[in-house]
Structures are given as C-alpha cells and as structure tokens.
Amino acid sequence: VQLQASGGGLVQAGGSLRLSCAASGRTLSRLGMGWFRQAPGKEREFVAAISWISSTTYYADSVRGRFTISRDNAKNTVYLQMNSLKPEDTAVYYCAASTTVQAVRLMQGNVWGQGTLVTVSS
C-alpha cells in the first residue's frame with residue numbers, strides 16, 4: 001500500500017485543519033491506520049490511531065479532545081480533524097498503516113506515507 005498525506009498548511013493558534021491520507025495499491029480495509037508527527041529536533045510521536053471498522057480509536061494525551069481521527073474505507077482515505085490548534089502542534093504529520101490498530105500505534109510494521117507540514121502560529 002502507498003499512502004499520500006495532504007492538507008497541511010499554516011494556521012493561527014485556535015484554528016483548524018483537516019489532514020487526509022489517501023491509499024493506493026490496495027484497500028485499507030482490515031488495516032489499522034494512524035497519524036504521527038515529528039517536530040524539528042524531536043522524535044516521531046504517536047498522535048491517533050483507528051481500527052479498520054472504526055470501532056476503536058486511540059489518541060495521545062496531548063491531542064485528546066481536540067483532534068479526531070476517522071476513516072472512509074469506501075474512499076480508501078483516513079482523516080485527522082485538528083481543532084483548537086496550538087503552536088506546539090507544529091510538526092510534519094505522517095500517516096501510517098499496519099495490520100491492527102494496536103500495531104500501528106506501537107509502530108510495529110508500519111507502512112509510512114510522506115509527511116505534510118502543519119505550522120501553527122501564535
């Protein structure tokens with residue numbers, strides 16, 4: 001599977017963005033999907049993950065209540081709705097796929113897409 005993330009950009013603090021991750025090469029059905037981010041000089045960190053039938057979601061404490069992960073298996077796309085953005089959310093955001101939602105959250109066997117830059121100004 002190949003993953004293509006989009007939707008990043010520059011936004012003021014308190015604003016919103018929606019990231020999309022489109023898959024090609026195979027269906028996303030039965031795959032756990034997730035979003036990660038990497039700020040300059042920092043390690044890549046988990047943001048959110050979702051199971052293939054959307055019954056299970058996980059969020060990092062830093063984004064819970066502000067970000068929402070969702071997926072449309074018919075469109076082979078995963079989304080990350082980001083609200084109430086903060087300057088500390090500035091990072092390159094990556095989508096990832098793995099066999100289960102637990103696996104993707106733990107970065108076990110992840111397939112990565114290219115990143116999309118999110119910049120939040122204060």
Side-chain angles (χ1 to χ4, degrees):
V1 61
Q2 291 80 45
L3 304 174
Q4 179 80 29
S6 62
L10 174 63
V11 64
Q12 288 187 333
S16 299
L17 281 175
R18 188 175 82 154
L19 305 183
S20 299
C21 176
S24 60
R26 64 152 289 176
T27 177
L28 288 182
S29 294
R30 300 191 179 275
L31 291 180
M33 299 296 299
W35 288 94
F36 293 75
R37 66 187 181 187
Q38 188 166 17
K42 295 187 177 181
E43 294 186 352
R44 190 170 299 186
E45 64 175 2
F46 168 74
V47 174
I50 187 168
S51 62
W52 78 276
I53 55 172
S54 304
S55 60
T56 302
T57 55
Y58 294 101
Y59 293 95
D61 289 343
S62 58
V63 306
R64 187 175 291 111
R66 299 187 298 121
F67 291 11
T68 302
I69 188 171
S70 62
R71 64 192 294 166
D72 186 334
N73 289 335
K75 295 182 178 180
N76 242 20
T77 303
V78 178
Y79 305 97
L80 185 68
Q81 178 66 44
M82 305 186 295
N83 299 328
S84 302
L85 282 161
K86 304 175 181 180
E88 51 264 43
D89 294 319
T90 295
V92 177
Y93 283 71
Y94 299 89
C95 60
S98 191
T99 52
T100 67
V101 64
Q102 289 82 5
V104 73
R105 181 169 66 97
L106 298 175
M107 291 195 267
Q108 295 173 345
N110 281 6
V111 174
W112 298 97
Q114 98 299 344
T116 185
L117 177 62
V118 172
T119 303
V120 184
S121 63
S122 58

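Note that the coordinates shown come from a computational prediction; the quantities given were computed from them, not determined experimentally.
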Colleague: Tell me which pairs pass disulfide bond (SG atoms under 2.5 Å apart) where either residue lies in residues 68-122, with sequence neighbours left out.
Modeller: Cys21-Cys95
Colleague: Val47 pairs by side-chain contact (heavy atoms from CB on, under 4.5 Å) with which of Val63, Ile69, Asp89?
Modeller: Val63
Colleague: Tell me the closest heavy-atom pair linking Ile50 and Arg71, and the distance in Å.
Modeller: O-NH1, 3.5 Å
Colleague: For residues Ala103 and Asn110, report the shortest heavy-atom separation together with the two atoms involved.
Modeller: O-OD1, 3.7 Å
Colleague: Tell me every residue that passes side-chain hydrogen bond (donor to acceptor under 3.5 Å, both in side chains) with Tyr59, counting only those two or more places apart in sequence or in another chain.
Modeller: none
Colleague: Mind checking what makes side-chain contact (heavy atoms from CB on, under 4.5 Å) contact with Val118, not counting sequence neighbours?
Modeller: Leu17, Leu19, Met82, Tyr93, Val120
Colleague: Work out which heavy atom in Val92 is nearest to a heavy atom in Leu117; give both atom names and the distance.
Modeller: CG2-CD1, 3.9 Å
Colleague: Just grab all the disulfide bond (SG atoms under 2.5 Å apart) pairs involving residues 28-60, residues at least two apart or on different chains.
Modeller: none
Colleague: My understanding is that only residues two or more places apart in sequence, or in another chain, count here; which of them pass side-chain contact (heavy atoms from CB on, under 4.5 Å) with Gln81?
Modeller: Ser16, Arg18, Thr68, Asn83
Colleague: Any chance you could pull the hydrophobic cluster mates of Leu106, using side-chain heavy atoms under 4.5 angstrom and chaining through other members?
Modeller: none
Colleague: Can you pull the ring pair (Phe, Tyr, Trp, His ring centres under 6.0 Å) pairs that have at least one residue in residues 3-56, sequence neighbours excluded?
Modeller: Phe36-Phe46, Phe36-Trp112
Colleague: Can you pull the disulfide bond (SG atoms under 2.5 Å apart) pairs that have at least one residue in residues 44-90, sequence neighbours excluded?
Modeller: none
Colleague: Under the side-chain contact (heavy atoms from CB on, under 4.5 Å) test, which residues partner Ser24, sequence neighbours left out?
Modeller: Gln2
Colleague: Mind checking what makes side-chain hydrogen bond (donor to acceptor under 3.5 Å, both in side chains) contact with Ser55, not counting sequence neighbours?
Modeller: Ser51
Colleague: Suppose we screen for side-chain contact (heavy atoms from CB on, under 4.5 Å). Which residues come up paired with Gln38, at least two apart in sequence or across chains?
Modeller: Arg44, Tyr94
Colleague: Who passes salt bridge (Lys or Arg N to Asp or Glu O under 4.0 Å) against Arg64, sequence neighbours left out?
Modeller: Asp61
Colleague: Of all the heavy-atom pairs spanning Leu10 and Ser121, show the shortest one and how long it is.
Modeller: CD1-CB, 4.3 Å
